[in-house]
Amino acid sequence: MQIASESITNDNLLQLGKRVAELADSKDVDGIVITHGTDTLEETAYFLNLVEKTDKPIVVVGSMRPGTAMSADGMLNLYNAVAVASDKQSRGKGVLVSMNDEIQSGRDVSKSVNIKTEAFKSAWGPMGMVVEGKSYWFRLPAKRHTSGSEFDIKTISSLPAVDIAYGYGNVSDTAYKALGQAGAKAIIHAGTGNGSVSSRVVPALQELRKNGVQIIRSSHVNQGGFVLRNAEQPDDKNDWVVAHDLNPQKARILAMVALTKTQDSKELQRIFWEY
């Protein structure tokens, strides 16, 4: 596509997802490597993790330094990504991200710093390492993905509007109301701590839910944000969903995909627990 990753649209995600599915169906393709800008790399990796019905390795890779920089990391990252994608042991482990000699789960990983080559981290640690072109594995993904997913890119023609509003001290309900009025089918609340919701915002979210907008509480804690249901807010009473350990941007990806199948909040919550 040759576009900066911060400019990727839902249509771009669908285009990429369908192309990956075509390649995965090809008998002469054993693995797939996708080069990607780092700003939304984690979102694309998680989207593919949800919708690609294959056990063939799919590896997303980027670089933190340009090729003209001293100690550029792109060449080694790409080499390692190809090595991981060609490793038979990579099959069935979901979409992977290979950077900085680490193999990360596309579900768990996120960009945690923007000036270091070790930018991509997971709160639960890497799945493995790449050392001199060989993969070494240490853990497996526990959540549903790829061939075990109930979602299939081949059946998805469009993605619903899901947006994120950020929680902070002295926050108002302006952004939430504006997103609802603009047609959002779901709003991800990027809350403080345990997805906390300011008392100034609660009435607006309750009203949005009554009007059919799904409300999903996430946390903008940098690493390891973990939102407990009915803690901080009475989710059952409000008919809200919690994002489990997914950060706001990944919660948005899952909500979009899930809403192609169901509008039921209880079903959405099941999906957030399982994926």
Answer yes or no: is there a donor N or O on one side and an acceptor on the other, between the side chain of [X] and the main chain of [Y], under 3.5 Å?
X      : Y      : value
Thr155 : Asp152 : yes
Gln214 : Gln263 : yes
Thr262 : Leu259 : no
Ser90  : Val84  : yes
Asn230 : Asp236 : yes
Ser112 : Ala119 : yes

Side-chain heavy atoms of [X] within contact of [Y], under 4.5 Å:
X      : Y      : value
Phe120 : Asn100 : no
Val227 : Phe272 : no
Tyr46  : Val97  : no
Ile8   : Glu43  : no
Val131 : Asp101 : no
Ile34  : Val95  : no
Phe138 : Met129 : yes
Phe151 : Ile271 : yes

About how many Å separate [atom2] of [Y] and [atom1] of [X], when rounded to the nearest 0.5 Å?
X      : Y      : atom1 : atom2 : result
Leu14  : Ile153 : CG    : CD1   : 5.0 Å
Gln104 : Lys121 : CD    : NZ    : 7.0 Å
Met127 : Ser98  : CE    : OG    : 11.5 Å
Thr192 : His189 : OG1   : NE2   : 6.0 Å
Asn49  : His145 : CG    : NE2   : 6.5 Å
Asp245 : Trp273 : CG    : CH2   : 9.5 Å

Any link between [X] and [Y] through a network of hydrophobic side chains (Ile, Leu, Val, Met, Phe, Trp, Tyr) touching at under 4.5 Å?
X      : Y      : result
Ile187 : Trp240 : yes
Ile103 : Tyr79  : no
Met1   : Val51  : yes
Leu246 : Val197 : no
Leu78  : Met64  : yes

Checklist entry - Sequence neighbours excluded, which residues qualify as salt bridge (charged side-chain N to carboxylate O under 4.0 Å, His left out) partners of Arg144? => result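 For Arg144, the residues satisfying salt bridge (charged side-chain N to carboxylate O under 4.0 Å, His left out) (neighbours in sequence not counted) are Glu150, Glu274.
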Checklist entry - Under the salt bridge (charged side-chain N to carboxylate O under 4.0 Å, His left out) rule, what pairs show up with a residue in residues 200-213, not counting sequence neighbours? => result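 Listed once each, the pairs are Arg209-Asp239.
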Item to check | Qualifying salt bridge (charged side-chain N to carboxylate O under 4.0 Å, His left out) pairs, either residue in residues 127-142, two or more places apart | outcome: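 Salt bridge (charged side-chain N to carboxylate O under 4.0 Å, His left out) check on residues 127-142 returns Asp108-Arg139.
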Checklist entry - Does a donor on one side chain sit under 3.5 Å from an acceptor on the other, for Asp235 and Gln269? => result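 Note: Asp235 and Gln269 side chains miss the donor-acceptor criterion.
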Considering all heavy atoms, the nearest [X]-[Y] contact:
X      : Y      : result
Tyr176 : Ala165 : CE2-CB, 3.3 Å
Ala255 : Ile188 : CB-CD1, 4.2 Å
Lys93  : Trp137 : CD-CZ3, 3.4 Å
Ser5   : Asp39  : OG-N, 3.2 Å
Gly62  : Leu41  : N-CD1, 3.7 Å
Pro57  : Asp30  : CD-O, 3.3 Å

Item to check | Proximity of His220 and Tyr168 rings by center, below 6.0 Å | outcome: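 Judged by ring-centre distance (under 6.0 Å), His220 and Tyr168 do not meet the cut-off.
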Checklist entry - Quick one: side chain to side chain donor-acceptor pair (under 3.5 Å) pairs with a partner in residues 53-66, sequence neighbours left out? => result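 The answer is Asp55-Arg91.
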Checklist entry - Do any pairs count as a side chain to side chain donor-acceptor pair (under 3.5 Å) and have a residue in residues 10-19, sequence neighbours left out, and if so which ones? => result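 Side chain to side chain donor-acceptor pair (under 3.5 Å) check on residues 10-19 returns Thr9-Asn12, Asn10-Arg252, Arg19-Glu22.
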Checklist entry - Given the rule in the side-chain hydrogen bond (donor to acceptor under 3.5 Å, both in side chains) test, do Asp28 and Ser26 qualify, once you have shown the distances and angles that lead to the verdict? => result CA-CA 5 Å; Asp28 61 353; Ser26 176; 2.2 Å; yes
Checklist entry - Just one of Leu205, Leu208, Leu179 clears the side chain to side chain contact (heavy atoms under 4.5 Å, CB included) bar with Val213, so which one? => result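 Output: one option passes, namely Leu208.
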Checklist entry - Who else is in the cluster with Phe226 when I, L, V, M, F, W and Y are joined by side-chain contacts under 4.5 Å? => result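 For the cluster that includes Phe226, the remaining residues are Trp124, Leu228.
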Item to check | Under-4.0 Å salt bridge between Asp25 and Lys154 | outcome: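 Salt bridge between Asp25 and Lys154, a charged N being under 4.0 Å from a carboxylate O: yes.
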Next on the checklist: Could you check whether Asp73 pairs with Lys116 (Lys NZ or Arg NE/NH1/NH2 to Asp/Glu carboxylate O, under 4.0 Å)?
Outcome noted: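 Lys116 and Asp73: not salt-bridged.
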Next on the checklist: As a quick check of understanding, evaluate side-chain contact (heavy atoms from CB on, under 4.5 Å) for Val241 and Ile215, giving each step before the final call.
Outcome noted: CA-CA 6 Å; Val241 174; Ile215 304 300; over 6 Å; no
Checklist entry - Only one of Lys143, Lys250, Arg229 forms a side-chain hydrogen bond (donor to acceptor under 3.5 Å, both in side chains) with His244, so which one is it? => result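 Looking at Lys143, Lys250, Arg229, the match for His244 under the side-chain hydrogen bond (donor to acceptor under 3.5 Å, both in side chains) is Lys143.
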